[in-house]
Amino acid sequence: MCGRYTLGMTPAEVLAALRAEGPPPDQPPRWNVAPTQAVIVAVITNEGGRRLRHMRWGLIPRWAKDPAIGNRLINARAETLAEKPSFRDAYRKRRCLIVADGFYEWRKVGGRKEPVWIHPVDGGVLTFAGLWETWKGPDGATVESCTIVTTEANALIGTFHHRMPVILPEEARDRWLDPAPREPSELADLLVPFPPERLALRTVTTRVNSPAREGPDLLDPAPPAEGGGDSITE
DNA sequence: CCAGACGTTGTT
DNA sequence: GTCTGG
DNA sequence: CCAGACGTTGTT
DNA sequence: GTCTGG
C-alpha cells in the first residue's frame, strides 16, 4: 500500500520535473505527506499539456453524503478499480499523476515497525498512477480528491511488504493521462511497471513518524543493524 | 419494491 | 449514482 | 500509513 | 481493540 510519502523538492523543481504549464504548486517541500492532506497532482489540460493542482488525498465518491468516506479511500487496488463503484468512473475519465520523490513502507523488525524510505536511485521525481474525483457538498462547496493506485510489490519491496504504489515510468505518463475514456480491458497496458533496479531503499531513524514531524531530518539514515547489513539498503 | 452498501490494508 | 441483497 | 482518542451532564 | 483525523 502507500500511506505516507515525500516530495522534498521546491515548487519550481516539481514544475520542471513534470514539464507542467502554469504556476508552480503553492506548497513547500514535504517529507511526511499524509492522507486527507492537500497533495500535488498532475492532470492533462484541454490543450494536451500538464497542469499541477492541489487535491485532497483520499477519494470522495460523487455519491458520498459524508466526505469522511474519502478518509479511507487513499488507495485503489489495480486488480479491481475498473469495476468498483467508488473508482470506475474516475478510472474511465479522471486519471492523474500523484507527484512524489519517495514513499514509506514499514517493515517488521522484531516486534516493531520500522519505516523504510523508497526513492529513485538517482533522485528526481516519482509519479504514482492516480484517480481523481469532484465532490459537491449540500452547501455547494466542491472538493477535488484523489487516490493512489496500488499493486503487488516488486522484487525490491517484496522483500518486506506485499503491496506498493503503481509508479509510472516517464514513458507511461502521457498515456495514463490521455483523456480518452478507458475500458477495463485497457488498464493492464496502461500500468507500466517501474524497474525495481531504479529504486533504492533507506531505513529511517525516526521511530515516531508523527504527522507533525516535517523536514529532511526524517530521512536521516538509521545506524547499521546488529549482525550485518542489508545489501540493498543504501 | 426498498434498504443499504459502495474501500483498502493488515492482522487474526 | 448504481448495484446487490432481502 | 501513524497518532491519538475512545464520554456525559450540568454549570461557569 | 477499533475508529477517526491528519
Side-chain angles (χ1 to χ4, degrees), chain A residues 1-8 27-28 30-40 54-94 98 100-119 126 128-138 142-153 157-167 181 184 187 191 201-215 217-219:
Chain A
M1 129 180 252
C2 180
R4 201 69 68 116
Y5 69 86
T6 62
L7 182 55
Q27 192 173 105
R30 304 283 311 280
W31 289 271
N32 197 359
V33 180
T36 73
Q37 296 177 341
V39 298
I40 296 170
H54 291 169
M55 296 189 189
R56 175 191 158 109
W57 182 13
L59 187 144
I60 306 168
R62 303 188 79 85
W63 43 261
K65 292 188 182 72
D66 179 1
I69 289 174
N71 290 0
R72 282 149 81 190
L73 304 187
I74 66 172
N75 295 130
R77 289 176 64 86
E79 297 90 337
T80 55
L81 65 84
E83 318 286 351
K84 293 287 185 185
S86 295
F87 299 134
R88 59 191 173 197
D89 294 348
Y91 163 63
R92 186 173 165 79
K93 294 185 174 180
R94 286 178 297 279
I98 292 160
D101 65 0
F103 62 99
Y104 300 103
E105 299 287 359
W106 278 259
R107 76 173 137 200
K108 286 217 165 160
V109 178
R112 306 197 183 287
K113 284 175 148 187
E114 175 182 77
V116 178
W117 184 57
I118 301 105
H119 61 106
L126 287 178
F128 302 140
L131 308 175
W132 67 279
E133 190 59 272
T134 302
W135 179 81
K136 289 184 172 52
T142 69
V143 180
E144 291 185 333
S145 60
C146 61
T147 191
I148 295 173
V149 178
T150 62
T151 189
E152 275 190 29
I157 292 156
T159 58
F160 61 98
H161 195 72
H162 69 103
R163 302 290 293 175
M164 64 176 283
V166 172
I167 305 165
L187 178 60
L191 298 181
L201 307 182
R202 182 190 299 178
T203 300
V204 174
T205 311
T206 319
R207 293 195 178 277
V208 182
N209 196 17
S210 159
R213 298 268 342 251
E214 264 289 9
D217 59 304
L218 276 179
L219 299 181

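Source: prediction; values computed, not measured.
- Taking atom CG on A:L218 and atom P on D:dC2, their separation rounds to 14 Å, with Å as the unit.
- Taking a cutoff of 4.0 Å between a charged side-chain nitrogen and a carboxylate oxygen, A:R88 and A:E83 do not qualify as a salt bridge.
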Residue pair A:R107, A:T159: steps toward the side chain to side chain donor-acceptor pair (under 3.5 Å) verdict: CA-CA 9 Å; A:R107 76 173 137 200; A:T159 58; 5.5 Å; no
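- Straight-line distance between the C1' atoms of E:dC3 and B:dG7: roughly 15 Å, to the nearest whole Å.
- Among the protein residues, A:R77 comes within range of the sugar-phosphate backbone only, with heavy atoms under 4.0 Å from sugar or phosphate atoms but none that close to a base.
- One finds a side-chain N or O of A:T80 lying less than 4.0 angstrom from the OP1 or OP2 phosphate oxygen of B:dT8.
- Using a 4.0 Å heavy-atom distance criterion, A:Y5 is classed as making no nucleic acid contact.
- Two residues are said to be in side-chain contact when any heavy atoms from C-beta on lie closer than 4.5 Å; A:R163 and A:R77 meet this criterion.
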Writing each nucleotide of DNA chain B 5' to 3' as (, ), [, ], | or . by Watson-Crick or G-U pairing under 3.5 Å yields ||||||......
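- B:dT12 and D:dC1 have their P atoms separated by 13 Å, given to the nearest Å.
- Spacing of C1' atoms, D:dC2 relative to B:dG10, comes out at 13 Å, to the nearest Å.
- Side-chain proximity of A:T36 to the nucleotides B:dT11, E:dG6, B:dT8 is greatest for E:dG6.
- OP1 or OP2 of B:dT8 has not a single side-chain nitrogen or oxygen of A:R163 nearer than 4.0 Å.
- For CD of A:E79, the number of neighbouring non-hydrogen atoms (other residues, nucleotides, ligands) closer than 6.0 Å is greater than 12.
- The aromatic ring of A:W63 is stacked on the base of B:dC6, with the two ring centres less than 5.5 Å apart and the planes inclined by under 30°.
- Annotation: side chain of A:W132 is not in contact with side chain of A:I98 (no heavy-atom distance under 4.5 Å).
- The residue A:P61 sits apart from the nucleic acid: no heavy atom pair falls under 4.0 Å.
- Taking the side chain of A:K108 as heavy atoms from C-beta on, and the options B:dT9, E:dG6, B:dT11, the nearest nucleotide is B:dT11.
- Atom C1' of E:dT2 sits at a distance of 14 Å from the matching atom of B:dT9, rounded to the whole Å.
- Backbone-only engagement by A:R88 is indicated by non-hydrogen atom pairs under 4.0 Å involving sugar-phosphate atoms exclusively.
- In this structure, the CD atom of A:E114 is 15 Å from the C1' atom of D:dC1, given to the nearest Å.
- Side-chain proximity of A:H162 to D:dC1, B:dG10, B:dT8: nearest is B:dG10.
- At the phosphate of C:dC3, neither OP1 nor OP2 sits under 4.0 Å from any side-chain N or O atom of A:K84.
- Proximity of A:R72 to the phosphate of B:dG7: no side-chain N or O atom is located under 4.0 Å from OP1 or OP2.
- Residues A:N75 and A:F128 are not in side-chain contact: their nearest non-hydrogen atoms beyond the backbone lie 4.5 Å or more apart.
- Of the side-chain N and O atoms in A:T150, one or more sit less than 4.0 angstrom from OP1 or OP2 of B:dT9.
- Side-chain contact between A:I60 and A:E133: absent, with no pair of heavy atoms (C-beta onward) separated by less than 4.5 Å.
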